[in-house]
**Student:** 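My questions will all concern the structure given below.
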There are 4 protein chains.
Amino acid sequence: MAKRKLNKEDIFVATDSLLADVGYEGFHFKPLAEKLNVGRSTIYEYYSSKDDLLIAYMHHIMNQFMEDHEKIDQTTSVKRQMKELIYLFIKHDRILMAIDLTPHVEKNGSEQVQHVLQQLWSYHHLIFQRIKNLVAEGRKTGEIRTDLPVSLIEMMLFQSISLNKARSQEALEEWAAAIYELLFNGIKKNES
Amino acid sequence: MAKRKLNKEDIFVATDSLLADVGYEGFHFKPLAEKLNVGRSTIYEYYSSKDDLLIAYMHHIMNQFMEDHEKIDQTTSVKRQMKELIYLFIKHDRILMAIDLTPHVEKNGSEQVQHVLQQLWSYHHLIFQRIKNLVAEGRKTGEIRTDLPVSLIEMMLFQSISLNKARSQEALEEWAAAIYELLFNGIKKNES
Amino acid sequence: MAKRKLNKEDIFVATDSLLADVGYEGFHFKPLAEKLNVGRSTIYEYYSSKDDLLIAYMHHIMNQFMEDHEKIDQTTSVKRQMKELIYLFIKHDRILMAIDLTPHVEKNGSEQVQHVLQQLWSYHHLIFQRIKNLVAEGRKTGEIRTDLPVSLIEMMLFQSISLNKARSQEALEEWAAAIYELLFNGIKKNES
Amino acid sequence: MAKRKLNKEDIFVATDSLLADVGYEGFHFKPLAEKLNVGRSTIYEYYSSKDDLLIAYMHHIMNQFMEDHEKIDQTTSVKRQMKELIYLFIKHDRILMAIDLTPHVEKNGSEQVQHVLQQLWSYHHLIFQRIKNLVAEGRKTGEIRTDLPVSLIEMMLFQSISLNKARSQEALEEWAAAIYELLFNGIKKNES
DNA sequence: AATGAATGAGATTTCATTCAT
DNA sequence: AATGAATGAAATCTCATTCAT
């Protein structure tokens, strides 16, 4: 086996960390290479362009989420499903970042890229659709108020993904539960 | 016979519109100059650099918010104050955009810039502090639940700024009210 | 009028000279900029990419040729027309170089470029078709031998473009006449 | 248990084919290695650089030609010799490609390379000289017209090498004969 | 002998900024 | 005050070549 320093997994980790630090702009191969302790051009041995890398990264993140997402039992109550969904959002907090990358990459329409983007978009759509359906169902079953704009509820749920800054791994579930609590029952103290 | 074409106010308007359209990346002097119908170099007569312009813009946005913000009557109930604060967030939805600019500008530490940034940061801090105080007070007065993490409540309130996409001007108040409703009473239907 | 050093005509001249020196590869913006005594990036103010410049150059060359080409009286004898055509080839010896550029540029299919390429190709085609027609007609009128492969005659005529290396301007006509003589009557001494 | 996969002959064949396909630019070690089914770096075991390989290739092509060339009987008539020479050009159509490589390699003056280039140049020169001598002799013996520029006749003969695109192997001789016919007797139909 | 991996040099391109008028 | 023109720094990408196994 020859000189082996790098692998795609390493690159994902560094990409993730760099993106989290500086966002899409500011995401250049120079700092990425520095993080990985390799020459800038080495990365091109693994991904033939910046877009290529980002697409692969997005795919990776999305897939991880979709895998977990499919495990949610769709036969239980809306409340229960929403609780789980929120938990997933918190656990996979990178999807928001990944989704935010889409518009930047969409520009260059190189064949292959377009195809993967299509799939990513369908995932994105699926996630949002999932929320929409849950809210609609919750309204029917009387679990969710009908006097609030649906779009607001949907957006609020979706936004909850981004409420995860700097959480410790263990506390994830509790944090997700708290978000659920807040969204469902509000912050007002109910007199008992 | 100097053509009086341009003034700082015009530049702010164009900056705001361009930033809203394309975000920080994509914000270049070429399109900005096109929007203003002047030569690219003309803008340098008013701001000595891109950072300079952005700093001034951020300052402008912040000031507008702070002005309104000071009008909030701090002697009324926490609920009332929070309602008004949310309304202000919705009305001044540009502050989030302005705040997001900070990390991009921070890079180069040119003396003057650093000073203005400091002030902007203090504003940012002040806004967040305001939320913190309200939440703390609400907890004391029993208006706000104590079984939810304070930081979550604070973040959720702060995030509400970004829930303003594509609202019509008239509907602002209703939208703000809905957000308030959601946050305070939750999305769960209460059996009456 | 502001600092004016450069114009598109200058760039064409330098492009022509550089292409003649080093061909398509070896044609880089660095030496071109040096020839023009400007910074490398300055050229981008005039042409937004290397392809862009080359396309414009090809267009320029082709147009010059087509202009002259249309002046040929198509009602005279095949011999006369061919003589004139050969003269044009010699005079516009750059078209061969321009045509040779086509395959290099064709790769990147940016919208606008494709369109201009189409036109260039139609010119190229037109030129070759012109030769084909003349040869066919000459065979009918008995001016041209029928015992030689048509394609060979066509190729030989077309190749004559490239026989122009380092001719002095004044001698062009004589040189063209000599080529015509050679092609028509051969190099063999006819015993009179 | 070393896999005996590669030898210089294989590399020549692949080089020839790749050069014919894509020309000098486009001639990279990556596609070459793919054609050979070896790793890119393996080629360096045989040639220490791209230039090295190309020089060797040119040498190879030239030698093949020179070998055949020496077989031409220099005591027969000019016409006969010229006919044979044209045939050789057609048969060894690769020399033109090889000669075209020269300017690309000349750039870097690594000692060894320069020496081989010198030799190649002498071959090139020798070929052209051969034509020159034949033409001069033909003029003396009255086989060739003296009213045409010598240089034109020489160039025309030399150019005939490139008239070989896509000929089938069997037809080579006939094609060469046709070229000879055209050059010697012209394309004009002689009234019998 | 063969090769996977890494890399540095150089080419293309973008854009904020300066300069001369 | 306004601007057309020029430019340098930095980013993306390619490829010949080297290195360690």
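Letters A, B, ... mirror the listed sequences (proteins, then strands); counts begin at 1.
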**Student:** On DNA chain E, check which nucleotide each of B:Ser49 and A:Ile43 is closest to and give me the residue with the more 5' one.
**Tutor:** A:Ile43
**Student:** Please state how far atom CG in D:Asp51 lies from atom P in F:dC15, giving the value in whole angstrom units.
**Tutor:** 16 Å
**Student:** Taking ring pair (Phe, Tyr, Trp, His ring centres under 6.0 Å) as the test, write out the residues that go with C:His124, two or more places apart.
**Tutor:** C:Trp121
**Student:** Whether the D:His59 and D:Gln119 side chains hold a donor-acceptor pair (N or O, under 3.5 Å, no angle test) is what I'd like checked.
**Tutor:** yes
**Student:** Test: side-chain hydrogen bond (donor to acceptor under 3.5 Å, both in side chains). Region: residues 13-22 of chain D. Which pairs qualify, not counting sequence neighbours?
**Tutor:** D:Asp16-D:Tyr57, D:Asp16-D:Arg94, D:Ser17-D:Lys35
**Student:** Write down the distance between OH (B:Tyr47) and P (F:dA2), rounded to a whole number of angstrom.
**Tutor:** 14 Å
**Student:** Between E:dG10 atom C1' and C:Lys50 atom NZ, what is the distance in whole Å?
**Tutor:** 12 Å
**Student:** For D:His104 and F:dC15, what is the distance between atoms NE2 and P respectively, to the nearest whole Å?
**Tutor:** 16 Å
**Student:** Nearest whole Å is fine: how far is F:dA11 C1' from C:Tyr44 OH?
**Tutor:** 13 Å
**Student:** By nearest heavy atom, map D:Arg40 and A:Arg40 onto DNA chain F; which one lands nearer the 5' end?
**Tutor:** A:Arg40
**Student:** Just N and O in the side chain of D:Thr42: are any of them under 4.0 Å from OP1 or OP2 of E:dT3?
**Tutor:** yes
**Student:** Mind checking what makes ring pair (Phe, Tyr, Trp, His ring centres under 6.0 Å) contact with B:Phe29, not counting sequence neighbours?
**Tutor:** B:Tyr44
**Student:** Which residues within residues 25-38 of chain D lie with some heavy atom under 4.0 Å of an atom in DNA chain F?
**Tutor:** D:Phe27, D:His28, D:Phe29
**Student:** Quick check for you: among E:dA9, F:dA5, E:dA5, whose closest atom lies nearest to any side-chain atom of B:Ser41?
**Tutor:** F:dA5
**Student:** Quick one: list whatever passes side chain to side chain donor-acceptor pair (under 3.5 Å) with B:Asp93, sequence neighbours left out.
**Tutor:** B:Asn164
**Student:** With a 3.5 Å cut-off and no angle check, do the side chains of D:Asn7 and D:Tyr46 form a donor-acceptor pair?
**Tutor:** no
**Student:** Under the rule for side chain to side chain donor-acceptor pair (under 3.5 Å), what residues qualify as partners of B:His60, not counting sequence neighbours?
**Tutor:** none
**Student:** Report the residues that fulfil ring pair (Phe, Tyr, Trp, His ring centres under 6.0 Å) with B:Tyr24, sequence neighbours left out, ordered by chain and then residue number.
**Tutor:** B:His104
**Student:** Can you tell which of E:dT3, F:dA2, F:dA5 lies closest to the side chain of D:Glu45?
**Tutor:** E:dT3
**Student:** Output the single nucleotide from E:dA6, E:dC19, F:dA1 whose closest atom is nearest the side chain of B:Tyr46.
**Tutor:** F:dA1
**Student:** Return the set of residues passing side-chain contact (heavy atoms from CB on, under 4.5 Å) with A:Asp100 (not counting sequence neighbours), or none when no residue passes.
**Tutor:** none
**Student:** Find the bend of the helix from E:dA2-F:dT21 to E:dT21-F:dA2 as the angle between its two terminal axes (five pairs each), to the nearest 10°.
**Tutor:** 30°
